[in-house]
Amino acid sequence: MRVLRDASEAEMILSFLRQELDSRRFREQLLTALENAGASEALIRSGDLTSGEQNLLRARVLGLFRGYPDREIFERYPPDVAWKLAAMDADDLARLRYVDYSYWNELSAGTSCPLRAAETIRRGEEIFGLSNQYFLEGKALLEQGGSFPPLILLTCGSGLYLILEGHCRATAYALLPEAFAGTEAYVGFCSAEALRQKAPGLTASAKAGL
């Protein structure tokens, strides 16, 4: 991983919302959150990071949508995160880990590793009856020279990265590893203890050499 520049919590939030706004799975949920916050898509599409008012409103929307800063996917989210925009190295792909969630656990055979999940997908196995089509479409896009928005990752500098946003995109990269090198990601650095609180399984997967 090569750090390109400093980023901010507000920038991470805006990137998170932008990716989910175009997601077939989450778009309607996010539109409902925007409506409940009294905001429109423009808050995300044309987001102004220099506006403190907009930044606070986007944080509220992410709270309604995904529990930011302390519920759902953000449960046990580290209180102090230093965000960077980084270019990922080819070998960083093997260091990505999914969040602890039943679907991703099963898809990756209990390893939380997208590369293991890719093996499951290549065998044609479908977890909980859910189609693998999203992942295959992502791989096809990469094969055609397309690209994805940045992943959002957490790390304590130990070499492993917890995926906060971008699980499907990370899985598509795992199906076509040669497309991963040089891709950008928002990487949040926190203490080792904070990351252990957020994702206890990361320690276990590091010891297993996965």
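Sequential numbering from 1 along the given sequence is applied to the chain's residues.
- Listed for the T183 side chain is no donor-acceptor partner under 3.5 Å among the backbone atoms of A179.
- Between Y173 and F148, the distance separating the two ring centers is shorter than 6.0 angstrom.
- Sorted by first and then second residue, the salt bridge (charged side-chain N to carboxylate O under 4.0 Å, His left out) pairs involving residues 167-180 (not counting sequence neighbours) are E165-R169.
- Proximity of a side-chain donor or acceptor of T120 to a complementary backbone N or O of L107 within less than 3.5 Å is detected.
- The CZ atom of F128 sits 13.0 Å away from the CD atom of E126 when rounded to the nearest 0.5 Å.
- The hydrophobic cluster containing L64 does not contain L14, counting ILVMFWY residues as joined when their side-chain heavy atoms lie under 4.5 angstrom apart, directly or transitively.
- With rounding to the nearest 0.5 Å, the separation of CG in L30 from CG in L34 is 4.5 Å.
- Here the OG atom belonging to S51 is positioned 8.5 Å from the CG atom belonging to L43, to the nearest 0.5 angstrom.
- Between the side chains of E9 and W83, at least one donor N or O sits under 3.5 Å from an acceptor N or O.
- At a threshold of 4.0 Å, the pair R66-E20 counts as salt-bridged, since one of the basic side-chain nitrogens sits closer than that to a carboxylate oxygen.
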Steps toward side-chain contact (heavy atoms from CB on, under 4.5 Å) verdict (I152, S15) = CA-CA 8 Å; I152 299 178; S15 180; 4.2 Å; yes
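- Just one residue in the list F26, W104, Y101 forms a ring pair (Phe, Tyr, Trp, His ring centres under 6.0 Å) with H167, and that residue is W104.
- Taking a cutoff of 4.0 Å between a charged side-chain nitrogen and a carboxylate oxygen, D91 and R95 qualify as a salt bridge.
- Between the CZ atom in R97 and the CG atom in L160 there is a gap of 5.0 Å [rounded to 0.5 Å].
- Ring pair Y103/F135 is parallel by interplanar angle, where below 30° counts as parallel and above 60° as perpendicular.
- Within the 4.5 Å cutoff, no side-chain heavy atoms of S112 are placed close to those of D100.
- Each salt bridge (charged side-chain N to carboxylate O under 4.0 Å, His left out) pair with one or both residues in residues 129-145, not counting sequence neighbours, appears once here: R24-E137, K139-E143.
- Under 3.5 Å, the side chains of T171 and Y134 contain no donor-acceptor pair of N or O atoms.
- We find that R71 and E75 are not joined by a salt bridge, their nearest charged nitrogen and carboxylate oxygen being 4.0 Å or further apart.
- Between F65 atom CZ and L21 atom CG the span is 9.0 Å, to the nearest 0.5 Å.
- With hydrophobic clusters built from ILVMFWY side chains whose heavy atoms lie under 4.5 angstrom apart, L49 shares a cluster with I13.
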Check the pair D89 / R2 against salt bridge (charged side-chain N to carboxylate O under 4.0 Å, His left out), numbers first and verdict last.
-> CA-CA 8 Å; D89 297 327; R2 178 171 56 90; over 6 Å; no
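- Here the two rings, on F16 and F74, have centers that are under 6.0 Å apart.
- Remark: R58 does not engage E53 in a salt bridge, criterion side-chain N to carboxylate O under 4.0 Å.
- A salt bridge links R196 with E193: at least one charged nitrogen is closer than 4.0 Å to a carboxylate oxygen.
- Contact between A86 and M1 at its shortest, heavy atoms only, is CB-CG, 3.5 Å.
- The OG atom of S131 sits 10.0 Å away from the CD1 atom of I121 when rounded to the nearest 0.5 Å.
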